[in-house]
Amino acid sequence: MARGPLPGDGVGIQVPVGRIAADRVHWQTIFDTRDKPSIYRVHNGSAHNAADPGNAMIVEVDSAKRTVKVNVGTSVDVMGKKIRVKAGTGGETSRVEGWYVLVS
(Lines give C-alpha, C1' and ligand atoms only; values in the text may rest on other atoms or scores of the structure.)
Protein backbone atom coordinates (compact mmCIF):
# COMPACT_ATOMS: atom_id res chain seq x y z
CA MET A 1 0.00 0.00 0.00
CA ALA A 2 1.51 3.33 -1.07
CA ARG A 3 1.56 6.10 1.48
CA GLY A 4 1.56 9.80 0.74
CA PRO A 5 4.01 12.30 2.19
CA LEU A 6 4.16 12.37 5.95
CA PRO A 7 3.71 15.53 8.02
CA GLY A 8 7.06 17.13 8.67
CA ASP A 9 8.80 15.41 5.74
CA GLY A 10 9.59 18.74 4.10
CA VAL A 11 12.23 20.86 5.77
CA GLY A 12 10.72 24.14 6.88
CA ILE A 13 7.18 22.78 7.24
CA GLN A 14 6.25 22.90 10.90
CA VAL A 15 3.39 20.56 11.75
CA PRO A 16 2.23 20.48 15.40
CA VAL A 17 1.06 16.85 15.24
CA GLY A 18 1.72 13.91 12.93
CA ARG A 19 2.63 10.29 12.54
CA ILE A 20 6.00 8.63 12.42
CA ALA A 21 6.82 5.97 9.85
CA ALA A 22 10.60 5.72 9.62
CA ASP A 23 13.17 3.06 8.82
CA ARG A 24 16.78 2.44 9.88
CA VAL A 25 18.30 4.15 6.85
CA HIS A 26 16.43 7.45 6.44
CA TRP A 27 15.74 10.05 9.10
CA GLN A 28 12.24 11.54 9.32
CA THR A 29 12.32 15.23 10.24
CA ILE A 30 9.80 16.20 12.92
CA PHE A 31 10.89 19.81 13.46
CA ASP A 32 13.51 22.05 11.83
CA THR A 33 13.78 25.78 12.43
CA ARG A 34 16.31 28.57 12.80
CA ASP A 35 14.13 30.25 15.42
CA LYS A 36 13.68 29.25 19.05
CA PRO A 37 13.66 25.57 20.07
CA SER A 38 10.35 23.80 20.58
CA ILE A 39 9.33 20.86 22.75
CA TYR A 40 7.81 17.84 21.01
CA ARG A 41 6.45 14.64 22.58
CA VAL A 42 7.54 11.65 20.50
CA HIS A 43 5.85 8.25 20.99
CA ASN A 44 7.08 4.87 19.76
CA GLY A 45 3.90 2.99 18.93
CA SER A 46 5.55 0.18 16.98
CA ALA A 47 3.61 -3.06 17.12
CA HIS A 48 5.15 -5.76 19.23
CA ASN A 49 4.24 -9.20 20.45
CA ALA A 50 5.96 -12.29 21.78
CA ALA A 51 7.35 -13.14 18.34
CA ASP A 52 8.50 -9.58 17.50
CA PRO A 53 9.49 -7.23 20.34
CA GLY A 54 9.40 -4.18 18.04
CA ASN A 55 12.12 -1.65 17.33
CA ALA A 56 13.42 1.06 19.56
CA MET A 57 13.19 4.56 18.08
CA ILE A 58 16.25 6.79 17.86
CA VAL A 59 15.50 10.50 18.30
CA GLU A 60 18.21 12.91 17.15
CA VAL A 61 18.13 16.41 18.61
CA ASP A 62 20.05 19.33 17.06
CA SER A 63 22.08 17.38 14.50
CA ALA A 64 23.44 14.57 16.68
CA LYS A 65 24.52 16.75 19.58
CA ARG A 66 22.24 14.42 21.52
CA THR A 67 20.28 11.23 20.74
CA VAL A 68 17.57 9.57 22.79
CA LYS A 69 16.42 5.93 22.61
CA VAL A 70 12.65 5.48 22.91
CA ASN A 71 11.50 1.93 23.62
CA VAL A 72 8.28 0.46 22.22
CA GLY A 73 5.18 1.80 23.95
CA THR A 74 6.92 4.77 25.57
CA SER A 75 7.13 8.51 24.92
CA VAL A 76 9.74 11.18 25.46
CA ASP A 77 9.63 14.98 25.42
CA VAL A 78 12.54 16.58 23.58
CA MET A 79 13.46 20.21 23.02
CA GLY A 80 15.51 21.43 20.10
CA LYS A 81 15.70 23.38 16.88
CA LYS A 82 15.96 20.22 14.78
CA ILE A 83 14.35 16.90 15.76
CA ARG A 84 14.59 13.77 13.60
CA VAL A 85 13.72 10.11 14.17
CA LYS A 86 14.63 6.72 12.70
CA ALA A 87 14.23 3.08 13.62
CA GLY A 88 16.67 1.50 16.00
CA THR A 89 17.10 -2.19 16.65
CA GLY A 90 15.15 -4.92 18.38
CA GLY A 91 12.39 -5.84 15.97
CA GLU A 92 12.21 -8.17 13.03
CA THR A 93 11.44 -5.36 10.57
CA SER A 94 13.52 -2.28 9.80
CA ARG A 95 10.65 0.14 10.53
CA VAL A 96 9.31 2.07 13.46
CA GLU A 97 5.94 3.77 13.77
CA GLY A 98 4.43 6.22 16.22
CA TRP A 99 3.32 9.82 16.57
CA TYR A 100 4.51 13.26 17.63
CA VAL A 101 2.81 16.35 19.01
CA LEU A 102 3.97 19.89 19.75
CA VAL A 103 4.03 20.49 23.51
CA SER A 104 5.32 24.08 23.44
Side-chain angles (χ1 to χ4, degrees):
M1 177 170 107
R3 293 186 181 184
L6 296 171
D9 279 348
V11 173
I13 298 172
Q14 307 311 315
V15 180
V17 63
R19 66 182 177 163
I20 295 169
D23 60 29
R24 290 187 182 134
V25 178
H26 300 98
W27 290 95
Q28 178 182 340
T29 301
I30 302 298
F31 182 71
D32 189 359
T33 185
R34 296 176 198 254
D35 298 331
K36 65 177 183 149
S38 289
I39 300 171
Y40 272 84
R41 177 162 298 136
V42 180
H43 178 76
N44 183 352
S46 296
H48 65 288
N49 56 44
D52 183 359
N55 291 316
M57 181 185 295
I58 305 301
V59 180
E60 178 192 79
V61 180
D62 293 338
S63 299
K65 290 181 183 175
R66 176 170 54 111
T67 60
V68 178
K69 178 182 172 184
V70 182
N71 291 320
V72 175
T74 63
S75 301
V76 65
D77 290 352
V78 293
M79 182 172 90
K81 291 184 177 185
K82 185 173 186 177
I83 301 169
R84 303 187 314 165
V85 298
K86 74 176 183 177
T89 59
E92 292 191 12
T93 68
S94 64
R95 299 192 55 76
V96 67
E97 295 183 1
W99 52 261
Y100 61 89
V101 64
L102 176 65
V103 174
S104 71

Engineer: For residues E97 and I20, determine if any side-chain heavy atom of one lies less than 4.5 Å from a side-chain heavy atom of the other.
Structural biologist: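 No, side chains not in contact.
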
Engineer: Do N55 side-chain atoms and G91 backbone N/O form a donor-acceptor pair below 3.5 Å?
Structural biologist: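 Here the side-chain-to-backbone pair exists.
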
Engineer: Rounded to the nearest 0.5 Å, how far apart are OG of S104 and NZ of K36?
Structural biologist: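 Atom-to-atom, S104:OG and K36:NZ are 7.0 Å apart.
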
Engineer: Would you say Y100 ends up clustered with V72 if hydrophobic residues are merged whenever their side chains have heavy atoms under 4.5 Å apart, either directly or through other cluster members?
Structural biologist: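 Not linked; separate clusters.
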
Engineer: Looking only at heavy atoms, what is the nearest atom pair of G90 and P53, with distance?
Structural biologist: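 In terms of heavy atoms, the two residues are closest at O-CG, 3.0 Å.
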
Engineer: Of the non-hydrogen atoms in E60 and T67, which two are nearest, and what is the gap between them?
Structural biologist: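 Scanning both residues, the minimum pair turns out to be CA-CG2, 4.2 Å.
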
Engineer: Give the minimum heavy-atom separation between A87 and S94, together with the two atoms involved.
Structural biologist: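 Nearest heavy atoms, A87 then S94: CB-O, 3.5 Å.
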
Engineer: Any ion pair linking D62 and K81 (charged N to carboxylate O, less than 4.0 Å)?
Structural biologist: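 No, this pair does not count.
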
Engineer: Taking the six-membered ring for Trp, are Y40 and F31 parallel (under 30°), tilted (30 to 60°) or perpendicular (over 60°)?
Structural biologist: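 Aromatic pair Y40/F31 classed tilted.
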
Engineer: Return the CZ to OG1 distance between R84 and T29, rounded to the nearest 0.5 Å.
Structural biologist: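 The CZ atom of R84 sits 5.5 Å away from the OG1 atom of T29.
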
Engineer: So, taking the atom named OG1 in T89 and the one named CZ in R24, what distance separates them when rounded to the nearest 0.5 Å?
Structural biologist: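 Reported value, rounded in 0.5 Å steps: 6.5 Å.
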
Engineer: W99 and I58: same hydrophobic cluster, using ILVMFWY side-chain contacts below 4.5 Å?
Structural biologist: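 Hydrophobic grouping puts W99 apart from I58.
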
Engineer: Are more than 12 heavy atoms, taken from residues, nucleotides or ligands other than R41, located less than 6.0 Å from that residue's CZ atom?
Structural biologist: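 No, CZ of R41 has 12 or fewer neighbouring heavy atoms, counting only those of other groups under 6.0 Å.
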
Engineer: Which atoms form the tightest heavy-atom contact between V96 and S46, and what is the distance?
Structural biologist: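 For V96 versus S46, the nearest heavy atoms are CG2-OG, 3.0 Å.
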
Engineer: Does V85 reach the side chain of V42, with side-chain heavy atoms less than 4.5 Å apart?
Structural biologist: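 In contact.
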
Engineer: For the atom pair CZ (R95) and NZ (K86), what is the distance rounded to the nearest 0.5 Å?
Structural biologist: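 Reported to 0.5 Å precision, the distance equals 14.0 Å.
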
Engineer: Please report the interatomic distance CG(N71) to CG(N44), rounded to the nearest 0.5 Å.
Structural biologist: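 These two atoms lie 7.5 Å from each other.
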
Engineer: Mind listing the closest non-hydrogen atom pair of R19 and Q28 along with its distance?
Structural biologist: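 Heavy atoms of R19 and Q28 come nearest at O-NE2, 3.1 Å.
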
Engineer: Please report the closest heavy-atom contact between V61 and M79, naming both atoms and the distance.
Structural biologist: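 Scanning both residues completely, I find the closest heavy atoms to be CG1-O, 3.3 Å.
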
